[in-house]
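Since the structure comes first, as structure tokens, the remarks are kept for the end.
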Amino acid sequence: MKRTLAFIALITLSASSMSAQATEKDLARARKVLASSPLIDGHNDLAWAIREDSTAPMDVGAYDLRKHTHGHTDLERLKKGMIGAQFWSIYVPGESKDSGTSARIQLEQFDIAHRFIAMYPDRLQLALSAQDVRDAFKRGKVGSLLGMEGGHAIENSLGALRSYYQLGARYMTLTHNVTLDWADAALDSARHGGLTEFGKEVVREMNRLGMLVDLSHVSPAVMSDALDVTEAPVIFSHSNARALVDVPRNVPDSILRRLEKNGGVVMATFVPSFTSKQVADYEHEYEEWQRTARQRLGSDGRDELRREGQAWRAAHPQPSVTIVDAANQIEYMRKVAGIDHIGIGGDFDGISTTIKGLEDVSSYPALFAELAHRGWSDDDMKKLAGENVLRVLSKAEEVAARLQKTRAPSTKTIQQLDGKK
Ligand SMILES: [Zn+2]
């Protein structure tokens with residue numbers, strides 16, 4: 001998640017690393033589990049944080065991961081967080097009205113990610129397959145996978161999609177927050193009622209390539225259509241359960257129940273407003289305030305709107321959301337989707353406020369300690385941490401190998417399939 005209207009209401013919380021109930025014993029067990037089996041996080045926006053850095057934008061060298069960064073991610077904290085592998089997000093905004101810039105920005109983001117991975121060879125290692133992740137983990141390095149956020153970046157071209165696979169992309173979120181020519185976004189108008197024929201062809205081509213279909217950010221109808229079409233397991237790289245927090249970015253139970261048959265995983269995210277109903281209601285209230293303020297101030301009042309927005313937030317502190325809420329989301333999705341169909345996708349460096357106890361990438365052991373305290377077995381914790389996602393990656397590789405024997409790269413166009421000019 002990234003906000004276009006960035007607000008500076010960063011709530012700095014003390015690095016309380018454990019919930020009240022979890023004990024040192026729980027934490028020791030969590031650490032043992034994460035040392036023996038890779039924790040694979042589904043979504044981290046470090047590449048975008050480097051691009052947008054206020055002092056040295058796009059400067060991979062200046063954003064020194066050997067030091068404590070002002071973001072959520074650096075080498076020391078990745079180690080403390082016991083991250084075995086990370087899907088680094090290759091994000092490009094969908095809101096840009098300037099046509100023809102998506103591909104350039106996308107390529108630059110691949111470049112930034114490849115450069116920061118190469119810059120710390122003793123700690124990070126590019127991963128393009130499930131086996132690569134296991135190899136990196138054995139060597140004590142963070143297996144570095146790449147995932148694209150937003151199908152707008154392929155600019156309606158299956159050739160571009162294939163080229164992004166060659167650059168290392170192993171998942172693509174079909175949309176970000178803007179509805180495309182071929183898929184509806186969760187946070188935008190539903191123009192197609194799901195996937196268009198070209199959208200379905202994108203899914204089929206991703207299956208053929210071995211690129212995971214990521215259904216975070218899409219509308220429920222797109223989730224459903226993609227599940228109908230796909231031959232490989234899907235992922236939700238960073239989403240929570242809509243039954244607990246009714247926001248469009250979360251996943252309805254009817255979809256969660258389909259993961260068992262599909263084989264996919266929903267990766268619980270730490271976005272506060274997707275995790276806690278109180279925070280979601282608070283954000284809704286803020287947006288309502290913002291809507292009226294915008295009408296009152298007009299298009300020239302952007303600076304004033306920002307100032308008043310900060311004042312509003314100062315006068316209305318965000319309700320507290322803790323590691324307990326995050327664990328509740330995970331346990332709920334486990335109940336509905338099943339223990340074999342859950343994972344974790346924190347969205348660090350893509351969120352402007354954080355959950356108490358989950359402030360940055362060092363926090364994962366505390367979350368697993370909370371689950372240990374709730375009676376999770378070591379095997380269940382390993383599945384959540386990474387074994388489920390590794391199974392999905394392996395299965396997608398198998399499906400791709402099978403499809404490549406019988407199916408040539410698709411040369412279909414959106415004009416042919418959807419009749420668009
Ligand atoms: Zn996102």
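The basis for the numbers below is simple: all heavy atoms, side chains too, and nothing from hydrogens, waters or symmetry mates. For ligands, and for the atoms within them, numbers begin at 1 and follow the listed sequence.
The Zn ion (ligand 1) has an N, O or S atom of His217 under 2.8 Å away, backbone or side chain. With a cut-off of 2.8 Å, the Zn ion (ligand 1) has an N, O or S atom of Glu149 in range.
Remark: the Gln86 side chain and the Asp41 side chain contain an N/O donor-acceptor pair separated by less than 3.5 Å. Residues Thr230 and Arg204 bring no donor and acceptor atom of their side chains to less than 3.5 Å of each other. Side chains of Asp281 and Tyr286: a donor-acceptor N/O pair is absent below 3.5 angstrom, by distance only.
Counting just the N/O/S atoms of His238, the one with the shortest distance to the Zn ion (ligand 1) is named NE2.
Counting non-hydrogen atoms of neighbouring residues, nucleotides and ligands closer than 6.0 angstrom, the CD atom of Glu76 reaches no more than 12 such neighbours.
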